[in-house]
Amino acid sequence: MLQWLTAEHAQLISKPLLQSLLPLAERRGIAPAKLCKGTGIAVQQQRSSTHKISAQDALLLSQRANQLIGDPQLWHLVAETMLSERLSPLVDVLLHAPTMAQTLGYFVRHQELLQPLQFSRSSRHQAFVQLHFLQRWGDSPSGLSLALLIAVGQQRGLAVEQWRIGLPPEITPLPIWQKWGLQSFASPLPVLQLPVQQLRVKLQQRQPERFQQALWFCQLQDTTTPPSFLEAVFAWLQQRLHDGHMVTLEALASAMALSTSSCKRQFHKHGTSFQQQLDLVRLYQLLHLLQQHPYNNHELATRLGYSNSNNFRRACKRWLGIAPDLVRAQLS
């Protein structure tokens, strides 16, 4: 039986991330101490048995990796290492789940066993199920999320050439994805689209014992880790906007049974802020609304909680660098 580790309390397992990222950085001349500078990761503890770091340090580590290594295939190489060396029980769960639909479910639920501070939202669009990666590529490992799922699909024998990947204009598909024949299109945020029919196909070369053992370890992690603060915030903000209520930090803190200052400290711990999370929710709602109906700017402003369409227009340009009309044209 493999001796996988499980998380305790609010700490995340960073062992898979460190074990795959640090050697890759060293091969490119980036010393571990330089990569971890600015974080709370002590060099002498990097190869310890627990490899536990805070969520904020994990985010800083991924940002520094993007800055220092500068390899467009960085997260694909990290993903391949995680899969080939089976650095987490989640790897076996993803590779041996009965269907790809279950694989996606397990990935969203247990992804902190492989990477920190990254979650996605799924929706149905025509004949595809699509995963929206809410963090920008350079701000967190959304590139790792994409690389992991695409590599898993390829190893499971799925026709990944039927998948579609949406990327912001400044990002180009990786050469390996082009080699596999993935279709790409312009999108304000990274999005992965999978044909619905592929989600139901049962894996023929399954290893049920390995899958059950790995799933048990993932579920054990669930019982020892409290619900994600950011996911709870996202759900609360989304519901408040949907119901047309005012959204304030004070109201959020009250709903979370926290003082305002404690709520701010939680955001700081996760390397973000209340306003950044509110912007993420509004952005997700914007993309979702425009896929359902070509609402005009006044309608979108009202649904997203803005007092007038000019404020909404300025916010959209701040989020994406483009005006709502161009977002509407891209999504159409």
Side-chain angles (χ1 to χ4, degrees), residues 7 9-12 54-60 63 108-109 111-112 116-123 131-136 139-140 142 188-191 222 224-293 295-321 323-324 327-328:
H9 306 300
Q11 290 181 308
L12 304 175
S54 70
Q56 185 177 10
D57 282 343
L59 178 60
L60 289 173
Q63 290 174 334
V108 172
R109 181 173 180 178
Q111 62 187 294
E112 287 185 347
L117 291 179
Q118 179 60 43
F119 61 94
S120 59
R121 295 279 161 169
S122 61
S123 62
L131 294 172
H132 300 270
F133 298 90
L134 303 180
Q135 305 278 359
R136 293 305 294 267
D139 295 334
S140 69
S142 56
L189 290 179
V191 60
D222 255 358
T224 56
T225 303
S228 165
F229 172 74
L230 292 183
E231 288 192 349
V233 168
F234 190 99
W236 184 86
L237 290 172
Q238 191 174 25
Q239 188 62 50
R240 294 284 288 189
L241 288 176
H242 180 269
D243 295 341
H245 296 314
M246 289 289 293
V247 176
T248 64
L249 175 62
E250 291 73 20
L252 171 64
S254 177
M256 298 290 169
L258 297 170
S259 67
T260 303
S261 58
S262 295
C263 195
K264 287 182 178 179
R265 283 194 293 271
Q266 281 292 322
F267 280 121
H268 180 72
K269 175 183 175 182
H270 287 81
T272 184
S273 68
F274 170 74
Q275 187 60 51
Q276 287 176 328
Q277 291 306 302
L278 178 55
D279 283 348
L280 277 178
V281 174
R282 282 172 162 166
L283 177 55
Y284 174 77
Q285 293 286 73
L286 168 64
L287 300 179
H288 178 71
L289 288 170
L290 286 179
Q291 285 182 330
Q292 307 304 316
H293 185 78
Y295 294 102
N296 61 41
N297 288 355
H298 176 73
E299 292 171 326
L300 290 171
T302 300
R303 288 173 176 267
L304 296 179
Y306 287 96
S307 57
N308 61 70
S309 56
N310 287 333
N311 289 342
F312 159 66
R313 182 183 177 86
R314 284 193 292 269
C316 186
K317 294 191 72 172
R318 185 177 73 251
W319 302 333
L320 303 173
V327 178
R328 187 181 293 106

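Within the model, atoms CD of Gln285 and CG of Leu283 stand 10.0 Å from one another, a figure rounded to the nearest 0.5 Å. Once rounded to the nearest 0.5 Å, the distance linking CD of Gln275 with CG of Leu280 reads 10.5 Å. Considering CG of Leu249 and CD of Gln277, their distance stands at 12.0 Å, rounded to 0.5 Å. Distance check, rounded to the nearest 0.5 Å: OG of Ser273 to NZ of Lys264 gives 10.5 Å.
Looking only at distances, no side-chain donor or acceptor of Arg240 sits under 3.5 Å from a matching main-chain atom of Thr248.
A 6.0 Å sphere centred on NE2 of His245 holds more than 12 heavy atoms belonging to other residues, nucleotides or ligands. Under a cut-off of 6.0 angstrom, the local environment of NE2 in His293 is crowded, with over 12 non-hydrogen atoms contributed by other residues, nucleotides or ligands.
Of all heavy-atom pairs spanning Ala323 and Arg313, the tightest one is CB-NH2, 3.7 Å. Between Ala253 and Cys263, the shortest heavy-atom distance links the atoms CB-CB, 3.9 Å. What you find for Tyr295 and Arg328 is that their closest heavy atoms are O-NH2, 2.8 Å. Residues Phe234 and Val281 share a closest heavy-atom pair of CD1-CG2, 3.6 Å. Listed here is the closest heavy atom pair of Gly305 and Arg282: O-NH2, 3.4 Å. Residues Leu304 and Leu241 share a closest heavy-atom pair of O-CD2, 3.5 Å.
By the 4.5 Å heavy-atom criterion applied to side chains, Leu252 and Phe267 are counted as neighbours. By the 4.5 Å heavy-atom criterion applied to side chains, Ser261 and Arg265 are counted as neighbours. Here the side chains of Asp279 and Arg318 are in contact, with some heavy-atom distance below 4.5 Å. Using a 4.5 Å heavy-atom threshold, the side chains of Asn297 and Tyr306 count as separate. Within the 4.5 Å cutoff, side-chain heavy atoms of Leu300 are placed close to those of Leu290. Side-chain contact between Thr260 and Phe274 is absent, with no heavy atoms from C-beta onward closer than 4.5 Å.
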Open item on the list: Test side-chain hydrogen bond (donor to acceptor under 3.5 Å, both in side chains) on Arg314 and Asn311; report intermediate values, then the result.
Closed with: CA-CA 5 Å; Arg314 284 193 292 269; Asn311 289 342; 2.4 Å; yes

